[in-house]
Amino acid sequence: MQGIRTIRCNLSRFVILARTHLIFSHFEPTHFANLTVERPLSSKFSTAFSSFSTSSLETPITPKHLNEPEECSSDNDDNGSEMENDDDDDDVRGLNLSDDGLFQDAKTIVNILQESCDNRVEMKSKIEQCGIKVSQELVLEVLSRVRNDWEAAFTFFLWAARQPGYAHSVREYHSMISILGKMRKFDTAWVLIDEMRGVKTGVSLVTPQTLLIMIRKYCAVHDVGRAINTFYAYKRFKFDMGIEEFQSLLSALCRYKNVQDAEQLMYCNKAVFPLNTKSFNIVLNGWCNLIGSPRESERVWREMSKRGIRFDVVSYASMMSCYSKAGSLYRVLRLYKQMKKIGIEPDRKVYNAVIHALAKGRLVNEAFNLMRTMEEKGVAPNIVTYNSLIKPLCRARKVEEAKGAFDDMLKRCISPTIRTYHAFLRILRTGEEVFALLEKMRKMGCQPINDTYIMLIRKFCRWRQLENVFKLWDEMSENGISPDRSSYIVLIHGLFLNGELDAAHKYYTEMKEKQLLPEPKIDEMLQTWLSNKQIAEGQTTESRSNQCQTTELRSNQLDCSQSREQTRGIPKRSHERNFIRQAETRKVVRERGISFWEP
């Protein structure tokens, strides 16, 4: 077995090394000049919700845990997984602008960028003439609002850099690099990094976070080779390449579901970066909460035990979260008892996973009891705790229990997040309920995000309420949310299924004009529809031509028949008189010598 593992590790090392060197050869010289590559070593609801206390819903409250991160990896997760917020735009977040003047300036520039998106020359001209003073807060806010239109964002970014008295800081550069990376404009992103090095000024703005952004964007498009290359570029920029930086690389790989590559990389680099609990926890959490595979999670768990790696509270929390997602309440409770038996005190993440499993198993009273127990232990519930309770209750249609949890959360002055409202929005059944909840949500100070609109557009398309679909689509732009690729795909697919093929084709063309990555299936469907439409139009034109010819032929036949009928209707004497008159006319012409050909 030891020999098989050695061969497997060597094979993995060869694969990663080959991929690294193969992909590295495609980098442009400006990106890594003089870079030495290191070898990798390897309906009830409407009644229930309307009964929520008006004062609680309409009066904003001061949250106790405003800065608590959402631990769920995605909105589709059933469990309270402990992954950090997987928002792909972590580095492009805007600010909560309190200055009305600054807010209006940002809105003016965004309107210019959106109105002139088809004409870049006009866009540049209007920005130059707007007369707005540039500041770091303004740049961050505008970039946040147009982050899904990289050309508009980059045009504004370059314009802002030329304004007197202003220079981009690290944060603005990171926002722009993140936007470019998301749109796969990696060459342009590296040009900005070269600019940040400060060859002219002598002051470098490049930080380890700069390279980590690039690593994450490569991982997001599953370009593992270039992500590894960027990690080894730390040495070129004279940054440390310690175990923490290596674990950041593993986290980035797992974050975007490259868990198998992360695990192989961890094993093959164990000589340089020794295996420890944290590295294994990163991989374990990837299998548990990103891939959601109990089988692979158990395999990694056994490997940790074989190698003598100590389990900690994070290890148990990941496994319990995985079993909770799989609906295995028995295994969750077994691990919970086991960790208490060996002296590991549960933390908030463990309690959240158990509470979620109990709520999913419809043991609501037990979930509330455990919540009281964790308070007695000095662990206060947070918004993730309540979301772990509310989400499964909503999915199980236990509206009254979910409402009770929501009210209890407000009494504790814990402000609901967008994920809390998503749980309720998913089980609504009418458009009136949806828009009513959106309004109450805004009054609570919680604004809809891109995922909110995607979920609701899909819902209204399924209900065949296209008016509400376009209402939400327009509302996105009004609220400063630029539609991304996922938004376009959901809209186009919904229009296609509702028979609105012309509208679907229009928005797909608009999506490609923004240089968003096309969707092959939608592309194939629309191409088939266009070809069939052209064939149908050709057949229609030919049919109309044939009908015109038939009509003309019938008209000629009718004229001939009417002429014959008129000729037959002339009396015989009239024929004789006409003949005599014509003969007399010819005689006169001959006598006078008149030629018919004279003018």
Side-chain angles (χ1 to χ4, degrees), residues 87-97 99-169 171-185 188-189 191-192 195 217 447-450 453-454 470 472-488 491 506-517:
D87 189 351
D88 200 34
D89 301 313
D90 286 344
D91 303 292
V92 203
R93 293 192 180 278
L95 305 172
N96 294 323
L97 298 181
D99 187 347
D100 292 337
L102 196 60
F103 179 82
Q104 290 299 326
D105 289 345
K107 187 175 181 180
T108 300
I109 292 179
V110 170
N111 289 338
I112 292 174
L113 297 176
Q114 291 178 344
E115 291 171 0
S116 308
C117 60
D118 297 331
N119 190 335
R120 300 298 172 184
V121 177
E122 181 184 356
M123 180 189 296
K124 293 179 182 178
S125 175
K126 287 184 176 180
I127 294 178
E128 293 287 352
Q129 298 172 4
C130 68
I132 294 176
K133 185 178 179 181
V134 179
S135 64
Q136 293 181 354
E137 294 80 6
L138 179 67
V139 173
L140 289 171
E141 183 66 23
V142 172
L143 291 179
S144 173
R145 295 192 183 194
V146 297
R147 60 181 176 268
N148 293 317
D149 186 351
W150 76 270
E151 286 186 311
F154 196 53
T155 300
F156 168 74
F157 183 83
L158 295 178
W159 169 79
R162 296 193 300 268
Q163 302 310 301
Y166 173 80
H168 289 309
S169 68
R171 190 170 181 184
E172 289 85 72
Y173 272 111
H174 284 180
S175 295
M176 192 66 240
I177 290 170
S178 182
I179 292 171
L180 293 170
K182 182 179 179 181
M183 298 302 170
R184 306 191 182 200
K185 304 300 176 182
T188 309
V191 170
L192 285 185
E195 183 180 306
K217 297 308 173 183
Q447 297 297 326
I449 61 174
N450 212 2
Y453 287 108
I454 288 175
F470 293 119
L472 288 172
W473 188 261
D474 294 337
E475 187 180 294
M476 289 177 68
S477 299
E478 294 173 0
N479 292 340
I481 298 177
S482 178
D484 61 359
R485 179 176 180 268
S486 300
S487 307
Y488 273 104
L491 175 65
K506 169 195 167 186
Y507 284 104
Y508 191 64
T509 303
E510 181 181 306
M511 171 184 165
K512 291 195 291 186
E513 287 175 353
K514 290 186 176 181
Q515 298 189 18
L516 298 174
L517 192 65

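Since the model is a prediction, treat every value here as computed from it, not as a measurement.
- Of the candidates Val146, Leu143, Val110, Phe156 forms a side-chain contact (heavy atoms from CB on, under 4.5 Å) with just one, namely Leu143.
- At a threshold of 4.5 Å between non-hydrogen side-chain atoms, the residues Met183 and Leu517 do not count as touching.
- Under the 4.5 Å side-chain criterion, counting only non-hydrogen atoms from C-beta, Ser486 is not in contact with Asn450.
- Expressed to the nearest 0.5 Å, how far OG of Ser487 lies from CZ of Arg485 amounts to 11.0 Å.
- Between Phe157 and His168, the angle of the ring planes stays under 30°, which puts this pair in the parallel group of the 30/60° scheme.
- Using the six-membered ring where Trp is involved, Tyr507 and Phe470 have ring planes that are parallel, under 30° apart on the 30 and 60° scheme.
- Side-chain contact, Asn479 with Tyr453: a donor N or O sits under 3.5 Å from an acceptor N or O.
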Salt bridge (Lys or Arg N to Asp or Glu O under 4.0 Å) evaluation trace for Glu151 with Lys185: CA-CA 10 Å; Glu151 286 186 311; Lys185 304 300 176 182; over 6 Å; no
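- Comment: Glu141 engages Arg145 in a salt bridge, judged by a side-chain N to carboxylate O separation of less than 4.0 angstrom.
- Taking Glu478 as the reference, nothing meets the salt bridge (charged side-chain N to carboxylate O under 4.0 Å, His left out) condition, with sequence neighbours excluded.
- Remark: the Asn111 side chain and the Thr108 side chain contain no N/O donor-acceptor pair separated by less than 3.5 Å.
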Lys514/Trp150 under side-chain contact (heavy atoms from CB on, under 4.5 Å): CA gap, chis, key distance, verdict: CA-CA 8 Å; Lys514 290 186 176 181; Trp150 76 270; over 6 Å; no
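- Looking only at side-chain heavy atoms (C-beta outward), Ser482 and Arg147 stay at 4.5 Å or farther from each other.
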Residues Leu113, Asp149; criterion side-chain contact (heavy atoms from CB on, under 4.5 Å); working and verdict: CA-CA 9 Å; Leu113 297 176; Asp149 186 351; over 6 Å; no
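- For the residue pair Glu172 / Ser175, no side-chain donor-acceptor distance below 3.5 Å is found, with atom types taken as modelled.
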